[in-house]
Amino acid sequence: MARDEPGRDPEAWDLVVVGAGPAGAAAALGALAAEPGLRVLLLDRADFPRDKCCGDGIAPHVLDVLRTVGAGHVVDGWTPLEQLELSREDRSVTGRMARPVWVVPREVFDARLVEAAVAAGAVLRRHRVRTLAAHAGGTLVDDHLLARVLVGADGAHSVVRTHLGEPNAGRRALALRGYAPTPDSRRGRQVIRYGDRRQPSYAWAFDRGDGLSNVGYGEFVDDHAGPDDEGVTRAILLEQLERLLPGSTEGGTQWRAHHLPLSGWRWDQPDGAVLLAGDAAGLINPMTGEGIYYAVATGVLAGRTAARVLAADEPEQAGRAHRAAVRSLLGRHLHHTWLASRLTRRPEVVDAGIGAAGRSRHAFDALVELGLGDGRITPRLAAGLATELVRGTRPTSSTRPTTRTPRR
Ligand SMILES: Cc1cc2nc3c(=O)[nH]c(=O)nc-3n(C[C@H](O)[C@H](O)[C@H](O)COP(=O)(O)OP(=O)(O)OC[C@H]3O[C@@H](n4cnc5c(N)ncnc54)[C@H](O)[C@@H]3O)c2cc1C
């Protein structure tokens, strides 16, 4: 990767993408798939391959998007996972997902995506972006790079989002992950166990298929907590992980924690030639903490939009067009995940979800779509949840023992 040297005259680019994670690489791929001759500069403060604190869960929807820009190969050689186990206290459901997921370390996944973007024609440069300023020809980056259109894909603590006045700033979670040997009991599955602290809170163990699992725990961060609040510390996160999934921290290495900017009811994108994608756009599923699908989906949309407005010589129309495209794809889904995340603050609703998923294949699949992709709370899922809530919050002899497999 070339290192950036500040020069005197601004260096002009059609598209500058800040951040080369999944959202940024996808933006470059989206733009170059639409217009291969575009001059695209991909900036990242890190060299690749680099680690990123994540659960490494790659939903099938991610690959659906990446295939459209010729990058569906990024999980090749890794083992697909089919089994999902959801549990809280003494209730649980285990089922086969309609489509498999992958667990690929981000050190591998992100580097492959960046390689694909460079192979498509993007120029990758190591550079930490610090300042952005409006300029007659577009946006001036750190006084020496000029972007006709700029995509902010610089993650949870985005400088581009700050430049735009912090749109979509909302609730956050904090999560910690590590890698630990996979015990036989958790081989071949994604395990999620809900906690009882600030909701949403859960521990996970995702088998990578190579003898190691990505294990972690995360919970909602209360930005308005009082002075007596102990906050969320690394020690608490580790303690909760071990409490919910005993033995999961044994032999664990590479422990890292990071914030998750959770999506809200409404998603916004200001007008103009600066676009947001992925975590920088405040797009992480508030039910599950999944953000890679949103990152690649909004990244590709941003790249395609950039190519289109540049071809029409109307870069200022980029923001309006991107807002419409993202809302069209995710708008209603975000309403449903917002609602679901509010409802699941109550443990009886989590129990009802587990119960409904155990009784009906439709409910199980609908919950997976809502949590991993762009699904909705379908009428049948809502009816299943209501039935479970009416059955009561306390386990009865008919709802216990609670390890169920979804029925047709
Ligand atoms: C513990 C944890 C577990 C998670 N588990 C999952 C999961 O299993 N599945 C899932 O789908 N999602 C998961 N997520 C969410 C997922 O990690 C994010 O949604 C995803 O990484 C968003 O991609 P992105 O490209 O928007 O941002 P990032 O992946 O954060 O990439 C941003 C890039 O921008 C660069 N950058 C930042 N600032 C600058 C700057 N000023 N100048 C230049 N470059 C900059 C960074 O170096 C980085 O490469 C998890 C998150 C956490 C914290």
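Throughout, residue positions are numbered sequentially from 1 according to the sequence presented.
Under the 4.0 Å criterion applied to side-chain N and carboxylate O atoms, R67 and D64 are assigned as salt-bridge partners. A salt bridge does not link E82 to R99: none of the charged nitrogens lies less than 4.0 Å from a carboxylate oxygen. Salt-bridge annotation for D110 and K52: absent, with no side-chain N of the basic residue lying under 4.0 Å from a carboxylate O of the acidic one. For R88 and D351, the salt-bridge test passes: some basic side-chain N is under 4.0 Å from an acidic carboxylate O. Salt-bridge formation is detected for the pair D14/R39: a Lys NZ or Arg NE/NH1/NH2 atom is positioned less than 4.0 Å from an Asp or Glu carboxylate oxygen.
Ring-centre distance between H333 and Y293: not below the 6.0 Å cut-off. For W265 and W338, the distance between ring centers is under 6.0 angstrom.
Atom-to-atom distance recorded for R130:CZ and R128:CZ is 5.5 Å, nearest 0.5 angstrom. Summarising the geometry, atom CH2 belonging to W204 is positioned 9.0 Å from atom CZ belonging to R177; distances are rounded to the nearest 0.5 Å. One finds the CG atom of L283 at 7.5 Å from the OH atom of Y294 (value rounded to the nearest 0.5 Å). Summarising the geometry, atom CG belonging to L275 is positioned 12.0 Å from atom CZ belonging to R320; distances are rounded to the nearest 0.5 Å. Rounding to the nearest 0.5 Å gives a distance of 9.5 Å between CZ of F48 and CG of L113. To the nearest 0.5 Å, atoms CD (E35) and CG (L38) are separated by 6.0 Å.
E242 places a side-chain N or O within donor-acceptor distance of the main-chain N or O of G247, the cut-off being under 3.5 Å. With hydrogens and angles disregarded, a donor-acceptor distance shorter than 3.5 Å links the side chain of D154 to the backbone of V159. In terms of modelled atom types and a separation under 3.5 Å, the side chain of T288 and the main chain of G371 share a donor-acceptor contact. Q269 places a side-chain N or O within donor-acceptor distance of the main-chain N or O of V274, the cut-off being under 3.5 Å. The main-chain N or O of A340 is found under 3.5 Å from a side-chain atom of T344 such that the two form a donor-acceptor pair. Judged by distance alone, the side chain of R125 and the main-chain N or O of L43 form no donor-acceptor pair under 3.5 Å. Panel note: side chain H322, backbone L276; a donor-acceptor pair is recorded below 3.5 Å. A side-chain donor-acceptor contact under 3.5 Å links R126 to the backbone of R45. Panel note: side chain R112, backbone V74; a donor-acceptor pair is recorded below 3.5 Å. In this structure, the side chain of S360 does not engage the main chain of A357 through any donor-acceptor pair within 3.5 Å.
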Just do the side-chain contact (heavy atoms from CB on, under 4.5 Å) check on F364 and L84 with the steps written out, would you?
-> CA-CA 10 Å; F364 184 88; L84 173 66; 4.1 Å; yes
Evaluation steps, side-chain contact (heavy atoms from CB on, under 4.5 Å), between L262 and L260 = CA-CA 6 Å; L262 306 177; L260 295 87; 4.2 Å; yes
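Counting only N and O atoms by type, the side chains of R172 and H259 include a donor and acceptor under 3.5 Å apart. Inspection of the N285 and T337 side chains reveals no N or O donor paired with an N or O acceptor under 3.5 Å. Defined by atom type and a distance below 3.5 Å, a donor-acceptor pair is present between the side-chain atoms of S213 and T182. Looking only at atom types and distance, the side chain of N214 has a donor-acceptor partner in the side chain of D56 under 3.5 Å away. A donor-acceptor contact closer than 3.5 angstrom links the side chains of D142 and H127.
Nearest heavy-atom pair, W267 versus R323, reported as atom, atom and distance to 0.1 Å: CZ3-CA, 4.0 Å. When every heavy atom of H336 is checked against every heavy atom of I377, the shortest pair comes out as ND1-N, 2.8 Å. Nearest heavy-atom pair across P105 and W78 is CD-CH2, 3.3 Å. Listed here is the closest heavy atom pair of A31 and L15: CB-CD2, 3.6 Å. In terms of heavy atoms, R308 sits closest to A321 at NH2-CB, 3.8 Å. The minimum heavy-atom distance linking F220 with V232 is given by the pair O-CG2, 4.3 Å.
Residues I192 and S87 are not in side-chain contact: their nearest non-hydrogen atoms beyond the backbone lie 4.5 Å or more apart. Taking 4.5 Å as the limit, some side-chain heavy atom of M287 sits within range of a side-chain heavy atom of L370. R197 places a side-chain heavy atom less than 4.5 Å from the side chain of Q240. A 4.5 Å side-chain heavy-atom check between L237 and W255 finds every atom pair outside the cut-off.
Counting heavy atoms of neighbouring residues, nucleotides and ligands inside a 6.0 Å radius, atom CZ of R346 does not exceed 12 of them. Within 6.0 Å of CZ on R342 lie more than 12 heavy atoms contributed by other residues, nucleotides or ligands. Counting non-hydrogen atoms of other residues, nucleotides and ligands closer than 6.0 Å to CD of E166 gives a total above 12. Within 6.0 Å of atom CZ in R187, more than 12 heavy atoms from other residues, nucleotides or ligands are found, so the atom counts as buried in its surroundings.
Y202 does not carry R193 over the face of its six-membered ring by the limits of under 6.0 Å from the centre and within 45° of the normal.
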